[in-house]
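Within every chain, numbering begins at 1; the chains are lettered A, B, ... in the order of the sequence lines, protein sequences first and strands thereafter.
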2 protein chains.
Amino acid sequence: MSVVDDLRDLILRGRYAPGARLGEVELAETLGVSRTPVREALRRLQAEGLVEVVANRGARVAEHPAGDLETVFELRARIEGLAARQAAAVATAEDADRLHGIAVALREHAERHDLDAVYRLNADFHQGLVRLGGSAVLAQSLSALIHSPVLLRTYGSFDAEAMRRSADHHIEIAAAVRAGDPDWAEAVMRAHLFSARASLLGPRRRDDG
Amino acid sequence: MSVVDDLRDLILRGRYAPGARLGEVELAETLGVSRTPVREALRRLQAEGLVEVVANRGARVAEHPAGDLETVFELRARIEGLAARQAAAVATAEDADRLHGIAVALREHAERHDLDAVYRLNADFHQGLVRLGGSAVLAQSLSALIHSPVLLRTYGSFDAEAMRRSADHHIEIAAAVRAGDPDWAEAVMRAHLFSARASLLGPRRRDDG
DNA sequence: CGCTCATGGATTGCATACAAATCCTTGCTA
DNA sequence: TAGCAAGGATTTGTATGCAATCCATGAGCG
């Protein structure tokens, strides 16, 4: 695996907490390479928004302000909504069946609370859907949003009902794609993400009456 | 200016066409530095989606498929639509007045077909609006989309009417922000971007009747 | 006692040297 | 003459050394 992937994994798995200093020599020793590839990896992750580097002062794991998390889901709802729409417009029956297969597997693992498998299948599903849309810029825009340390722990804060709802959303999205119904696909995807946001952040403040 | 900014400028200004090879030694000589900072810049621009690098085979300027341009505007409409919405929700009167000032200047320069100034003011306006929204992830998501070689030539393909419309859109967005009306702001922003798309790509295919 | 400034240690930024991989040419063979 | 293989040339990947910058500690002065 490449240095940048190794380093991204380290950060995403929480080995380095947000705000933690990322010394070049320390990382080089940890990863068993010299400083040069480490530096290049840091620059890439900087562009991905995962680390912040100040000139002559080194790199730190980016700390996404709490308020940003709301925006992340707003953005994902809009961007992945578009992805779902485009996927529904162009997907073949085989494509939709493959998505459906992933969704079914995800639901089974969710019932057994096998979180690692759920993580993986969820990533497969969303990436597969984006790939169906076919546009590289769309995938590009999303990658920066999904590579966020907080999102990796998403399922940890789901209760049983939320988990079941999330799994069912995947099934429904696959159905909408199979039906070739862009409006339906986008709507479910948006519901899916707003539901996840609610589970993560709790109920939104409503206007006092 | 930093190496990555220099290199980005070179690409964006068309000095290296899409698909063109980006040799490390050549860039190093052109920019007057060694290969090391060039390599780091290439990795950053790779993450930004501006260049494609294949392992052991070097970097090329990314060629965005023609179809991607449609998606770029779809995405911008959704993302900047959110930015406009958030800006309208939080902006002070001073913020809105500053936007209005930029928009007025932009309209004046547009009437004189001073394209360079229009480029700059347009960038100022959109960046200023995003900054008002306040979210770093939002700005992050947009930067990759706006740093697209094609978009730099946008105004070149505008006719007089499209130019006037674009300028008026900015004025109207500033008004919506000043009115604190998120729905209005988002709607105008979407119109603004779809209008630009139409000028760039021509009329969309409509269903044959 | 507190503030300023200098000096030392540590860390990043850059350049250069070497290793590995790729490509391009050239010569051989069928 | 077309195809292939081998070797050199070019290019990328990595390591290391040096210069520049930054931060902290402490001495000197008000």
Participant: Within the distance-only criterion (no hydrogens, no angle test), does the side chain of A/R60 pair as donor or acceptor with the backbone N or O of A/G19 below 3.5 angstrom?
Facilitator: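 Between the backbone of A/G19 and the side chain of A/R60 there is a qualifying donor-acceptor contact (under 3.5 Å).
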Participant: Whole-Å distance between D/dT14 C1' and A/L31 CG?
Facilitator: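 Result: 14 Å.
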Participant: Using atom CZ of A/R43 as one end and atom C1' of D/dT14 as the other, report the distance to the nearest whole Å.
Facilitator: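 In whole Å, D/dT14 C1' and A/R43 CZ are 16 Å from each other.
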Participant: Determine: side-chain N/O of B/R35 to OP1/OP2 of C/dG13, distance under 4.0 Å, yes or no.
Facilitator: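 For C/dG13, neither OP1 nor OP2 has a side-chain N or O of B/R35 closer than 4.0 Å.
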Participant: At less than 4.0 Å, is any side-chain N or O atom of B/T36 found next to OP1 or OP2 of C/dC14? Yes or no.
Facilitator: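 So the side-chain polar atoms of B/T36 never come under 4.0 Å of the phosphate oxygens OP1 or OP2 of C/dC14.
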Participant: To the nearest Å, give me how far apart CD (B/E29) and P (D/dT10) are.
Facilitator: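 One finds 13 Å between P of D/dT10 and CD of B/E29, rounded.
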Participant: Respond yes when some side-chain nitrogen or oxygen of B/R21 is under 4.0 Å from OP1 or OP2 of D/dT12, and no when none is.
Facilitator: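 True: B/R21 side-chain N/O within range (under 4.0 Å) of D/dT12 OP1/OP2.
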Participant: Answer yes or no: is there a donor N or O on one side and an acceptor on the other, between the side chain of A/S141 and the main chain of A/V137, under 3.5 Å?
Facilitator: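 Yes, A/S141 side chain to A/V137 backbone: donor-acceptor pair under 3.5 Å.
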Participant: Is it the case that the side chain of A/R43 and the backbone of B/E40 share a donor-acceptor pair, with hydrogens and angles ignored and the cut-off at 3.5 Å?
Facilitator: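 No, A/R43 side chain to B/E40 backbone: no donor-acceptor pair under 3.5 Å.
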Participant: Nearest whole Å is fine: how far is D/dA15 P from A/E40 CD?
Facilitator: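 Interatomic distance, CD of A/E40 to P of D/dA15: 11 Å.
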Participant: Whole Å only: how far is the CG atom of A/L22 from the P atom of C/dA10?
Facilitator: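 To the nearest whole Å, that distance equals 20 Å.
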Participant: Take atom CD of A/E52 and atom C1' of C/dT12, then tell me their distance rounded to the nearest Å.
Facilitator: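 Between C1' of C/dT12 and CD of A/E52: 17 Å.
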Participant: Respond yes when some side-chain nitrogen or oxygen of A/R39 is under 4.0 Å from OP1 or OP2 of C/dG13, and no when none is.
Facilitator: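 Looking at the OP1 and OP2 atoms of C/dG13, one of them is under 4.0 Å from a side-chain N or O of A/R39.
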Participant: Measure CG/B/D6 against P/C/dC14 and give the value in whole Å, please.
Facilitator: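 Rounding to the nearest Å, CG of B/D6 and P of C/dC14 are 12 Å apart.
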Participant: Return the 5'-most residue of the pair A/P37, B/E24 with respect to DNA chain D, ranking by each residue's nearest nucleotide.
Facilitator: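 Here B/E24 is the residue nearer the 5' end.
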Participant: Report yes if a donor N or O on one partner sits less than 3.5 Å from an acceptor N or O on the other, where the partners are the side chain of B/R57 and the base of D/dG13; otherwise report no.
Facilitator: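 Answer is no: no donor-acceptor pair is held.
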Participant: Return the 5'-most residue of the pair A/V54, B/N56 with respect to DNA chain C, ranking by each residue's nearest nucleotide.
Facilitator: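 This one resolves to A/V54.
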Participant: Would you check if there is a donor-acceptor pair between the side chains of B/T92 and B/D95 at a distance under 3.5 Å?
Facilitator: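 Yes, side-chain donor-acceptor contact under 3.5 Å.
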Participant: Short question: side chain of A/Q86, backbone of A/P182 - any donor-acceptor pair under 3.5 Å?
Facilitator: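 A pair under 3.5 Å: no.
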